[in-house]
Amino acid sequence: RGLRGNRRVQIVGAAGTGKTLLAAEKAAQLAREGYDTLLVCYNQPLARLLVELTQDTVRERGHLTVSTFHGLCEDLGREAGTLPPKPDPVDQTWFDDALPGALDAAIGILGARYHALVIDEGQDFAPGWLDSLQLLLHEPADDVLYVFHDPAQAIYRDDTVERLGLMSYALDENCRNPGPIHAFAAGHAPDAPATTAMREDGREPELIAAEPGTETVEALRRVLHRLTVDEKVRPWEIAVLTGGSLSDSAVWRQRTFGNEVLWNGQVDDAGKPLGLAAAHVPEQPGDAILCDSIRRFKGLERPVIVLVELRPDDRRLEQLLYVGASRATQHLIVIGPAAVTGRAAVPARRA
């Protein structure tokens, strides 16, 4: 309601302040009012959630397109005939250069098609991508533009949303995390927007020292057994998030931990992305536990989050701890080398 009278706004909030829910509701509201609206994000798992949150509006009213940035590049590039042949194997230049170039060329052919643009996780977008997306608006300088972002979650690249010159609106209440998890996450992101936890109760984060490889795999097996057998946590309430990619993960290669099986419908057995559109990702089986990277799980949540395979020499370790920890709505467990768990514990004590 507070945004209704402002057409061009950057909404700034730390993890857990409800940015994704507000982005989805704002996009749906605009579509219900008759605006042809584009709701766009960076990560495919988040796009799937946005599709689910807005599906009733899309079915009943239309006027709303939900996509990842690169999915949009492919769709419009294919429509305009500007999409180059996809390399095999796909390298980073496909995402950094080829797809954005196909989008720019497509806009020159197809022209504008939206009156409102809503961007979630705007800190993930390169400056040129933000400029290109605005060219999809009929009036790039005047049509509706909302960008939701958290500078402290800028894992992929620097957050450049400020350069757009939009009015700023702050979200300052953490609606997701219990107090101890909020304190832990905030302790690893001193530059994050200031927030107050609405929930003061909750369990302290659990830190388990285990070296990479076999030790980590065994520690995770014991944790999953305890969660599902002793604490009666249901598999779909747990997410195991790795500090690297699934293709490099010993945890993902193991996948079976006693009676518990890790699952991810968006990658193959080797951990390579299948490139599925959000609508084509299969439903998670009820007896499986989701496994994904911390980076790809941004914007999402589970009652129990288990962080694994964090490296003490990773220059983004603090950001990964912040982003990963803030996904937990009930309980957080960090499994890592002593150099990681020891470092992780200090901010939690200080908070």
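Every heavy atom of this structure was used, including side-chain atoms; hydrogens, water molecules and symmetry mates were not.
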What distance do Thr242 atom OG1 and Leu307 atom CG have between them, rounded to the nearest 0.5 Å?
9.5 Å
Asp143 vs His138, side-chain hydrogen bond (donor to acceptor under 3.5 Å, both in side chains): CA-CA, chis, key distance, verdict:
CA-CA 7 Å; Asp143 275 334; His138 291 283; 6.0 Å; no
With side chains defined as the heavy atoms from C-beta onward, is the minimum distance between Phe297 and Pro45 less than 4.5 Å?
no
With a 4.0 Å cut-off on N to O distance, would you call Arg7 and Glu139 a salt bridge?
no
Fit a plane to each ring of Tyr42 and Tyr156, take the angle between them on a 0 to 90° scale, and name the class: parallel (under 30°), tilted (30 to 60°) or perpendicular (over 60°).
tilted
Within 6.0 angstrom of Arg315 CZ, more than 12 heavy atoms from elsewhere:
no
Contacts of type side chain to side chain donor-acceptor pair (under 3.5 Å), residue Asp292, not counting sequence neighbours:
Asn264, Arg296
Could you tell me whether the side chain of Trp263 reaches within less than 4.5 Å of the side chain of Cys291, counting heavy atoms only?
no
Taking C-beta and beyond as the side chain, do Phe69 and Leu133 meet within less than 4.5 Å on heavy atoms?
yes
Report the C-alpha distance between Asp248 and Ser245 in whole Å, list the side-chain angles of each, state the deciding distance to 0.1 Å, and finish with yes or no for side-chain hydrogen bond (donor to acceptor under 3.5 Å, both in side chains).
CA-CA 6 Å; Asp248 295 326; Ser245 65; 3.2 Å; yes
For the pair Thr216 (side chain) and Glu211 (backbone), establish whether a donor and an acceptor sit closer than 3.5 Å, ignoring hydrogens and angles.
yes
Partners of Ala270 by side chain to side chain contact (heavy atoms under 4.5 Å, CB included), sequence neighbours excluded?
Asp268, Lys272
Backbone of Leu137 reached by a side-chain donor or acceptor of Arg113 within 3.5 Å:
no
I want to check something: taking the side chain as every heavy atom from C-beta on, are Leu166 and Val9 in contact at a cut-off of under 4.5 Å?
no
Taking it one step at a time, do Arg255 and Glu260 satisfy salt bridge (charged side-chain N to carboxylate O under 4.0 Å, His left out)?
CA-CA 8 Å; Arg255 277 210 289 295; Glu260 307 309 325; over 6 Å; no
Taking Gln254 for its side chain and Thr256 for its backbone only, find out whether a donor-acceptor pair lies under 3.5 Å.
yes
Could you tell me whether Arg226 and Glu206 have a side-chain N and a carboxylate O separated by less than 4.0 Å?
yes
Measure the spacing between CZ of Arg176 and CE of Met198 and express it to the nearest 0.5 Å.
13.5 Å
So, the side chain of Gln123 versus the backbone of Asp150: is there a donor-acceptor pair under 3.5 Å, distance only?
yes
Give a yes or no on this: more than 12 heavy atoms of other residues, nucleotides or ligands lie within 6.0 Å of atom CD of Glu60.
yes
Arg4 and Glu33 ion-paired at < 4.0 Å
yes
Give a yes or no on this: more than 12 heavy atoms of other residues, nucleotides or ligands lie within 6.0 Å of atom CG of Asp230.
yes
Counting only N and O atoms by type, is there a donor-acceptor contact under 3.5 Å from the side chain of Arg61 to the main-chain atoms of Asp56?
no
Got a donor-acceptor contact below 3.5 angstrom from the Thr57 side chain to the Gln55 backbone?
no
Would you check if Leu332 and Glu204 make a side-chain contact, meaning some heavy-atom pair closer than 4.5 Å?
no
Less than 4.0 Å between a side-chain N and a carboxylate O, is that true for Lys298 and Asp124?
yes
Show every donor-acceptor pair shorter than 3.5 Å between a side-chain atom in residues 13-27 and any protein atom, with sequence neighbours excluded, or say none if there are none.
from	atom 1	to	atom 2	distance (Å)
Thr17	OG1	Ala14	O	2.7
Lys19	NZ	Gly13	O	3.0
Lys19	NZ	Ala14	O	3.0
Thr20	OG1	Asp120	OD2	2.7
Glu25	OE2	Arg32	NH2	2.8
Lys26	NZ	Gln29	OE1	2.7

Atom pair CG (Leu310) and CZ (Arg343), whose distance is rounded to the nearest 0.5 Å
10.5 Å
Leu99: hydrophobic cluster co-members (side-chain, 4.5 Å):
Leu83, Val90, Trp94, Phe95
Taken to the nearest 0.5 Å, the spacing of Leu136 CG from Leu72 CG works out to 6.0 Å
Polar side-chain atom of Thr82 near backbone of Ala102 as donor-acceptor pair, under 3.5 Å
yes
Glu218 side chain reached by Arg222 side chain, heavy atoms, under 4.5 Å:
yes
Correct closest heavy-atom pair for Val12 and Pro151 would be CG1-CD, 4.0 Å
Nearest-0.5 Å distance that lies between atom OH in Tyr322 and atom CG in Asp191:
10.5 Å
Side chain proximity check, Tyr114 to Thr37, heavy atoms < 4.5 angstrom
no
Got a sec, which hydrophobics cluster with Val217, joining ILVMFWY side chains under 4.5 Å apart, including via others?
Ile208, Leu220, Val223, Leu224, Leu227, Val233, Ile238, Val240, Leu246, Val251, Trp252, Phe257, Leu262, Val267, Ile289, Val304, Val306, Val308, Ile333, Ile335
Determine, stepwise, if the pair Gln153 / Gln319 fulfils side-chain hydrogen bond (donor to acceptor under 3.5 Å, both in side chains).
CA-CA 7 Å; Gln153 294 189 61; Gln319 283 181 302; over 6 Å; no
Does Glu309 use its side chain to pair, donor to acceptor, with the backbone of Ala250 at less than 3.5 Å?
yes
Using atom types as modelled and distance alone, determine if a side-chain donor or acceptor of Arg327 lies under 3.5 Å from a backbone N or O of Ile305.
no
Before giving the answer on side-chain hydrogen bond (donor to acceptor under 3.5 Å, both in side chains), spell out for Gln10 and His149 the whole-Å C-alpha distance, their side-chain angles and the decisive distance to 0.1 Å.
CA-CA 7 Å; Gln10 59 160 327; His149 68 119; 2.7 Å; yes
By salt bridge (Lys or Arg N to Asp or Glu O under 4.0 Å), Arg203 pairs with (sequence neighbours left out) Glu231
Leu46 backbone acceptor or donor facing Asn43 side chain under 3.5 Å
no
Please state whether the rings of Phe148 and Tyr146 are parallel, tilted or perpendicular, taking 30° and 60° as the class boundaries.
tilted
State, with a plain yes or no, whether a side-chain heavy atom of Glu301 is found less than 4.5 Å away from one of Gln330.
no
